[in-house]
Each structure stands twice: as C-alpha cells, then as structure tokens.
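Everything on this sheet refers to the single structure shown next.
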Amino acid sequence: MASTSNTSTSNTSVPLAVQIDGASKHYRMGGNLIRALDGISLEVAKGEFLALLGASGSGKSSLLNLIAGLDRPSLGQILVEGRNISAMSPKELASYRLHSVGMVFQSFNLISSMNVLENVELPMRFAEIERARRQQLARQALERVGLGERLGHRPSELSGGEQQRTALARALINRPRLLLADEPTGNLDSRTGTEIMEMIREFNQTMEMTIVMVTHERPLAERYASRMVFLADGKLVREQTSNAGDLALEERHR
Amino acid sequence: MKVSDLTELALRNLRQSLLRNSLTTVGISVGVASLVAMLALGIGLQRLASRRLKASGLFDTVVVTSRRDLRSFNREQEMSGPAPAASPALDEPARARMATLPNVIEAYPDIRFITELRYQDKPHLAMVAGLPASSRNNDAFENLQGTFFSRATAHEVILQKSFAEELLGKSSQVRDDDSSVLEISKSLLGHELEMRYSERVENFPQASRARPRATDPENLEVSYSVISHELKLRIVGVTDLDPESMRGQFRARVFVPLQLAEDLHVLQPGNIRDTTRAFSRTPQYSTVGVKVKSAQDVPTVEQAIQRMGFNTLSIVDATHSMRQFFAILDLFLGIFGSLALAVASIGIVNTLVMAILERRREIGIMKAVGASDSDVKRLFFAEAAVMGLMGGAFGVLLGWSIGRVINIGANLYLARQSFPPEQIWATPWWLVGGAIVFAIVVSFVSGLYPAARAARLDPVQALRYE
Ligand SMILES: Nc1ncnc2c1ncn2[C@@H]1O[C@H](COP(=O)(O)OP(=O)(O)O)[C@@H](O)[C@H]1O
Ligand SMILES: [Mg+2]
C-alpha cells in the first residue's frame, strides 16, 4: 500500500492538502448581510483526518462547500495541493470536483432513479471512462464497501447505512486525494454510523486520503479525527488535537 | 460526456416522466404532421400543374417561326432581331442547322393544314398536324387509347377526344355527358376516315411523288400545280389530353405521322405566299418544332435560334410565373404548417423547465460529483433532441398517412366523376428528411433556454433544497 512509502516523511514536512487564507462567505438576505464564514484561515496537511465541529448554523457546511469547489469565497482564497481553486474557471472547477475531491453528505444524495451500480458509475461518465472499465471499477468499489451483492438495487431499497456506503463508493471511484464528508453519520443510528466511520478511517489510513469531516458529535470526532477545529458564527474559535489522531499517527509511523 | 452516455441518460430521464414527455412528443408529431401535410399538398399541386403543362407537349419544345410571317410572339422579340424583310427563311437548311444545335434532340417541320375529313360520309373540318415519332413518349399520349402509329408513313390517324366526340355526333360543349375516352375509342378504333387535301406539286422535268425531301438546288425551273386528293386513314388511337393546348387556334385535333404528312405535300398556309411571291428551291415551313433534351435547356436553345433570326415560343415563360405562384403558395402553406410546430416547441420548453424544477436536486448531485455546466446543458439538449427526433419521425409518418388518406379519398371522388386518378399529394424524400431535421432544430432551439437554466443551477442551493 501507498502508506509504506509515507513512513519516512515526518509530520512537520507533510505537504499541505488544503490551505485556506482569510476565506469569507457572505449571503445577502433581504436587507442584511449574513456572514456564514468570516475570515477563516486554516491548513490541512496531507493524510490528515480533520473534524469541523460547531453548532448548527455555525458555517461548517459553507466551509466544506468552499473546499469542495461547489462554491466560491466572497473574500480570501483556497488552495488545494497548491492550486488556487478560488481562481479556477467553472470548467476547471468541475474537473477539480471530478478528479480531486470526493464528497459524502448527511442525506446521501444518491440519484433515486438509478440503481447502486449506476450511481457509483455516474462520476466516471463525466470522466468519459469506457463502460466496461467503469462497471469493473464500480463493482470493485462496491465490494470494498461490502455492497457487492446489491448492485441492481435502487437507493430506496437500501438501508441508510447501505445508502451511505454507496455514496462512499461513489466518492472514491475517481481516486480523489481529498474526501469531504458533511455529517456522514447524521442520518444513521450509532451502530451503522460507526461502520461508516470505520470505513472512512480505513480510507484515511490505507489510501493516504486526506479527510475533512463536518460533525456536531464531539465523541465521534474525538474517536476518529486527528485534529478538531471548532466553528462559531462563521469564525474559527478553537483547535484541538485529539488522542485518536495521535494514536493513528503513531500507528502509522511505527 | 460521451454521446452514448448522453443519449442513455436522456432516454432514462425521458422514461422517468413517460406520460408528460410522450404528450410533448405527440405535440411535436402533430406540428410536424401539419407541416408535412401542408407542404405535401403544395408540392403535389405543383407537380399536378407541371404534369398538365408537360402534357401540352411544349415543355421541352421550342416553336420556331419565321419573322417574315409573324414579327414576334412578344414585344421583347419584336424590338430585337432583324426586320421581317431581312429575316431568313424558315426552310430545310435552317431546320437542319437547328437540329445540330447543342441539346437539341430533333428539329421537325410543323406541318398542319385545315382540311376536310369524312367519316361515315359526313364531312368535318379540322386542323391536321404531322406528329414526329418522338411524340410517342410525350406525356399527352400516356393515356392514349389504341396505339401510336405503326410506321412513320403509315396511313393512320390519332384523334383528339373532342374531335372524336364530334365524329360520333356528341357535343363536347356539354360537360354533363362527358364520356370517357375508353367509351369513345371503342366505337372508333379501326374505322376509316377519308381525308381530302390539296397537294402542291412542283413541276420538275420528271415530277414524281417519291422524290427525296430536299430538292435538287440545281434545278431552277420550278413551278407549282395544285391537285386534289383523297386518302383513307385508319383510326388507331384516341387521346384524352390535348397535346397542343398551348397553340390556341392553331391547335390540331387530328394527327397523322409526320413523314406521311410531309410526303403528301399538302398545300399549307405558308405556301400561298411562296406561290405569289418569289419561290425558293427548298421547302419552306411555317413552323418548326425543336425538341430539346430537357426543360432546362429550353432558354439557351431559344436564344441560339433567336440569334439565327427566328421567332421562338416556349412554355418556359408560362412555367416561370407558375413556379412563382407555387413558391408563394408553398411559403404560406409552410407558415401555417409551422404554426403547430411553434406551439409544440413551447410544449418542449414547458416540459424541460418542469423537469429542471423536479430534477433540481439531481442536477445538484451531478455537479457535486463532477459534472460540468456543459455536461448538464448537453444532457438537456439531448432530451430535447430525442423528443424532437421521435416527434419528427412520428409526425412525418402521421403527415404521410393523412396525405395518403386524402389522396385515396380524392381519387375515389375523381373516379366517380370519371376523371383519371391524380396524385394531389406528394411527399418527396427531401420533405421527409427535412421535416425530421427541422423538428430536431426546433427542439434544440426550444431546449436553449431550459438547458442554459439547468447549467446555471447553483449546486449548493440545489443540495440545500429538501
Ligand atoms: N444560500 C444561503 N443564503 C442565505 N443564508 C445562507 C445560505 N447558506 C447558508 N446560509 C446561512 O449561513 C449560515 C451557515 O450555514 P451552514 O454553513 O449551512 O451551517 P452549518 O452547516 O454549520 O449548520 C447559516 O446561518 C445559514 O442560514
Ligand atoms: Mg450543515
């Protein structure tokens, strides 16, 4: 696995996956300005598992959408692997979303008219990958998340955990280096939530994927993330390295 | 995204709202059908009119006269060209030269004379004309009852329907007892007709009726005698259409083989002048018919003959205004036909805008996983195009069927009125292909706004929306 090659790099020299410089996101609602994000500066190292915590409405999703290239900051800039995605054209941004990031959402966001295999295949259609190759890769990804037997099922025929696993398989299909998860366990019971979190941790550890996860469940963040960042009213209020993260890093560097 | 994926996704999306999209497609079909039906009618009527004109036998024929006889057929020709006195004679060398012009099939003398024809001892006066062998292919003889002349010199005659009716004592003026050609021909075919005519004999030292067509130019001592003859002719055919309708008062209703007519040396109107004025050594014709390869060649051949110093008349002038009329008719039919298609295109816009609203979230998901604006745009275009293609294909089929039904109905009516069947509806291949292409273009244009709107959709908003 790729992680073996990473053993020589020390924690401090790990290059940045994400660098956020004074990013703000303002919305105009009627007459008043809503500062969903207000001058955020944050760095995420490659291979890091970062948790974004905060109360509802604190701006967690807004920040994640900026990193995902789904939205542009009103002020400031965002660099992902050194590339300024805030300055990208819509076309470049689409290509960035297609190849460089994978996303999972609280509400799964699967296309209900497509079966599991087709949902996972979808990003590869935009990447213009041959049908046979596409299906092969989608099958492999689904086997990885334990859904090898459910290829022909519609999302509505699956449990919440299975739907989120499908979404995970879809997020991984174009082999992105950055996985963004917006409350991935928010709609799941604790047991299936743990299942999903274990998978995300596995991707982080075996595939060297950088993870940025939004959650409002502190225990979950403490258990899986290497670092926790707290947001309130669109501002970064606190940062904390979790034990789990230290453990994970230690494990890897041993 | 690849075209195959676009098509697949478009079809899948269309199946999702099958009823709505089917209704939209039916709307396009009706629009295309009305357009096809209207244009097919226009084209059919134009073809019918062209066929009628073609049947006049003048479509690919230029009629040539000498300016000595008649200054011109129209003012334009009257102003140009040589004065009547200075203009050349329409004689055998002139005819031979016309025959060698490019794109000319043949140049034949127009031999026609008014003479007495006796049928069952009753005299009838009629214009008789010689028909060249090539007339056999003339559309006017398509519905000929009986046969064409067996030989170029056969003592045979073909009658125009109105003259045939006259022989049988029927008046062609009354439309009510308009009997069919078949009926008339039954009682006439094979019967004999006696033609009385006056032969013009050139008094050669050894005058003979069997001498060659072109006379010996060495012989200068020529004079004429006029001798009366009778000739029995067998009726071999009766034709319904009037092959010479364009000639007005000069049109013949009785036809004999051209060679026979020439050999008879009947005194023609033009000869009278010859006998009173200076005579020429070669035969002179009042009119020469020049058969041209195709109608397109008529103008150039006409010009060439006019440069030779003769008057010409062709149907090109007549068809010019006819084509103009039909161009305008087609335009109007096309506009009315397109109206239904315009309404259908609003249906496409409506359907696609509805689809955007319904599929907001889906569009957001596609963009989140990496679809570009143009992927989304092309997907909506593909949906519009599929509806356009299917609507166009069904529409053409529908329009064609409507045309068939109306054609059958019209022909049933014509048959009851004992008219020959007519093709008043024509759907040429270009119309079929053009209508489908047009339907797709209309669909594309209709898809412009919805596709742009879908592409502009903000994925963050679309995904927030629940
Ligand atoms: N499109 C928008 N228009 C107006 N306000 C918005 C919009 N998106 C988010 N907001 C506001 O920005 C703030 C942060 O929202 P969000 O990032 O979704 O918070 P969180 O994910 O932490 O719950 C909220 O107050 C929300 O109402
Ligand atoms: Mg949120």
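Below, chains carry the letters A, B, ... as their sequence lines are ordered, and counting in each starts from 1.
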For this session: Could you list which of residues 368-381 of chain B have a heavy atom closer than 4.5 Å to any heavy atom of chain A, in residue-number order?
Result: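 B:Ala368, B:Val369, B:Gly370, B:Ala371, B:Ser372, B:Asp373, B:Asp375 fall under the 4.5 Å cut-off.
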
Problem set entry | Positions in residues 12-31 of chain B that reach chain A, provided some heavy atom is under 4.5 Å away |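 Only B:Arg12, B:Gln16 of residues 12-31 of chain B have a heavy atom under 4.5 Å from chain A.
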
Exercise. Given that the side chain runs from C-beta out, which part of A:Leu110 has a heavy atom under 4.5 Å from chain B: side chain, backbone, both or neither?
Worked result: backbone

Exercise. Just wondering, are more than 12 heavy atoms of other shown residues or ligands nearer than 6.0 Å to CZ in B:Phe336?
Worked result: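 For B:Phe336, atom CZ is not crowded (no more than 12 foreign heavy atoms under 6.0 Å).
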
Problem set entry | Other residues, nucleotides, ligands: >12 heavy atoms within 6.0 Å of A:Phe108 CZ | yes

Problem set entry | Greatest number of heavy atom pairs closer than 4.5 Å to chain A - which of B:Leu9, B:Asp458, B:Leu6 |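 Most heavy-atom pairs under 4.5 Å with chain A: B:Leu9.
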
Exercise. Is any side-chain heavy atom of A:Arg134 less than 4.5 Å from a side-chain heavy atom of B:Asp5?
Worked result: yes

Exercise. Strictly by modelled atom types, are B:Arg361 and A:Ser107 linked by a side-chain donor-acceptor pair under 3.5 Å?
Worked result: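 Yes.
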
Exercise. Within the side chain of B:Glu362, is there an N or O that forms a donor-acceptor pair under 3.5 Å with the backbone of A:Ile111?
Worked result: no

For this session: Take B:Lys2 and A:Arg125, measure what side chain to side chain contact (heavy atoms under 4.5 Å, CB included) needs, and give me the verdict at the end.
Result: CA-CA 8 Å; B:Lys2 285 183 184 162; A:Arg125 285 191 201 256; over 6 Å; no

Exercise. What residues of residues 53-66 of chain A sit under 4.5 Å from chain B when only non-hydrogen atoms are counted?
Worked result: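 Within residues 53-66 of chain A, near chain B: A:Asn65.
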
Exercise. By number, which residues in residues 70-98 of chain A have some heavy atom less than 4.5 Å away from chain B?
Worked result: A:Leu70, A:Asp71, A:Pro90, A:Ala94, A:Arg97, A:Leu98

For this session: Check the pair B:Ile365 / A:Arg170 against side chain to side chain contact (heavy atoms under 4.5 Å, CB included), numbers first and verdict last.
Result: CA-CA 11 Å; B:Ile365 294 170; A:Arg170 182 182 64 186; 3.5 Å; yes

